[in-house]
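Presented below is the structure to which this report refers.
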Amino acid sequence: MSRSKHQTLKSISGNQSKSEVDAMFAEGDHDAMEWVEKGRLKIAEMQRRDADKVAKKAD
């Protein structure tokens with residue numbers, strides 16, 4: 001599942017209400033935990049790309 005860094009959690013969750021999304025996280029729902037992990041991976045990838053850009057400019 002690819003997400004832009006500005007995409008909201010509501011749009012990822014199929015336009016469920018905020019209370020429904022909050023309940024998913026409170027229950028430890030598999031989909032919710034998967035979104036968290038994928039978000040972490042996406043952030044790590046963006047940070048790696050930013051670091052590469054900075055390194056290339058320094059050369």
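Keep in mind that what you see is a predicted model, and the values were worked out from it rather than measured.
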Among residues at least two apart in sequence or on other chains, which ones pass side chain to side chain donor-acceptor pair (under 3.5 Å) with Ser19? Ser17
Among all residues two or more places apart in sequence or in another chain, which pass the side chain to side chain contact (heavy atoms under 4.5 Å, CB included) test with Glu37? Arg40, Leu41
With sequence neighbours left out, what residues match Lys18 under salt bridge (Lys or Arg N to Asp or Glu O under 4.0 Å)? Asp22
List in chain and number order the residues that pass side chain to side chain donor-acceptor pair (under 3.5 Å) with Arg48, two or more places apart in sequence or in another chain; answer none if no residue qualifies. Glu45, Asp52
Review item, side-chain donor-acceptor pairs of residues 25-33, under 3.5 Å, at least two apart:
residue: Asp29; atom: OD2; partner: Asp31; partner atom: N; Å: 3.1
residue: His30; atom: NE2; partner: Glu34; partner atom: OE1; Å: 3.4

